[in-house]
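Take a look at the structure below.
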Number of protein chains: 2
Amino acid sequence: MAARTVPTRNAARVATAVGELRAQGSRVTKARVAILEVLSTSEAHQSADDVAKAVGEIAPGVHRATIYRTLDSLVSAGLVAHTHLGHGTAVYQLTIAPHAHLQCQRCGLVIDVPQSNLRAVGKRLLDDFGFTLDPGHSALLGVCASCRQADVLQSV
Amino acid sequence: MAARTVPTRNAARVATAVGELRAQGSRVTKARVAILEVLSTSEAHQSADDVAKAVGEIAPGVHRATIYRTLDSLVSAGLVAHTHLGHGTAVYQLTIAPHAHLQCQRCGLVIDVPQSNLRAVGKRLLDDFGFTLDPGHSALLGVCASCRQADVLQSV
DNA sequence: TTCGATGCAAATAGTTTGCATTCTA
DNA sequence: TAGAATGCAAACTATTTGCATCGAA
């Protein structure tokens, strides 16, 4: 059977998040559930704009301003994390295992890496500069393997 | 000798950059020189907006669109580097010793650190993920020592 | 003289805000 | 029913683009 490209929602994760919302005294609305469902659909990192488009498909009529306000609330509530990629865009994801992000400056690919990779540098920055690193909050920019390869070929 | 806090323009650095512009066949204009002077005045990282304001003082009449276009050109020419801080803003600086940036999410402070601090993690990312890190291009987000201190005091 | 650089104005993208209305709890 | 959340429209900020003009080489 051909692979379905329809993103699978993770109902359990959504239910947990909704429960947490209730527990915090926030209200559970159509827009919020839709946004949580969209964020649960895939591991991919989605910008506010991506979220708005996807929400538009499962819950038409949700206004863009609501998307922004709700994403903000969800971040404040600790249910959603956002990461700053290069070029100013922020991407959102349900808070699961925190991880760091590598972004390729050529093709835009985002690679998730376990935070353990940054533990050593984090310790060093704390020791030397008193700086407490938040490894998941901004992407590290660079060039991915395949773009790197393309560079090398081109330079011959 | 005491450090001067007045932003000193670095004429030599500007001259070098101007020479490089000429060498590349680009034209040397009032706007470009002014922007280079502004970028040479201080070690601080300046946003496009900061640059526009400072240029406005030494060379009135330079249009904002020119600031953006020129910063772009200078980056392409390799004379200027830009770094993505959190929240989407980019800051520009003359390309001198490349360095990494730590940004405090509370107070916005930017700390420059030698790239050597990131060498180990860079090697690791290359080995494990084939990702070539560009350590100066995005800031690492976290919390600086004094804000950290404030946090601790507050939580008592 | 030529063509790259600039000024201007308008368009665009992304995000935020005030206010009246809706709907969860 | 109260007040949180939403829809709507408009404001805002940051940045980009087309086009005519200017000016460095």
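By convention in this document, chain letters (A, B, ...) are assigned in the order of the sequence lines, proteins followed by strands, and residues within each chain are numbered from 1.
Within the 4.5 Å cutoff, side-chain heavy atoms of L118(B) are placed close to those of L140(B). L102(A) places none of its side-chain heavy atoms less than 4.5 Å from the side chain of V110(A).
In this entry the distance linking CZ of R64(A) with P of dA13(C) reads 11 Å, nearest Å. Put simply, CG on L21(B) is 10 Å from P on dT6(C), counting in whole angstrom units.
Classified by interplanar angle (parallel below 30°, tilted 30° to 60°, perpendicular above 60°), the ring pair Y92(A)/H82(A) is tilted.
Of the possible polar contacts, none joining the R22(A) side chain to the V28(A) backbone as a donor-acceptor pair under 3.5 Å is found. When atom types are taken as modelled, the side chain of Q103(A) and the backbone of L109(A) share no donor-acceptor pair closer than 3.5 angstrom.
Remark: R69(B) pairs with no residue by the side-chain hydrogen bond (donor to acceptor under 3.5 Å, both in side chains) rule, at least two apart or across chains.
Heavy atoms of G25(A) sit nowhere under 4.0 angstrom from any nucleic acid atom. If you check every strand for non-hydrogen atoms under 4.0 Å, T70(A) touches sugar and phosphate atoms only. As judged by a 4.0 angstrom heavy-atom cut-off over every strand, T89(A) is placed among residues making no nucleic acid contact.
Note that the first and last nucleotides of DNA chain D, 5' to 3', having any atom under 4.0 angstrom from a heavy atom of chain B are dA14(D) to dA25(D).
Where A48(A) and S73(B) each meet DNA chain C at their nearest nucleotide, the meeting point lying more 5' is that of S73(B). A residue-by-residue look at A31(A) and Y68(B) shows that A31(A) has its nearest nucleotide of DNA chain D further toward the 5' end.
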Protein-to-nucleotide contact annotation, 5' to 3' order, nucleotides 19-25 of chain C [B base; S sugar-phosphate only; - none; under 4.0 Å, heavy atom]: -----BS

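Ring to ring, H137(A) and H84(A) are close: their centroids are under 6.0 angstrom apart.
A donor atom on one side chain and an acceptor atom on the other are found under 3.5 Å apart for D112(B) and H45(B).
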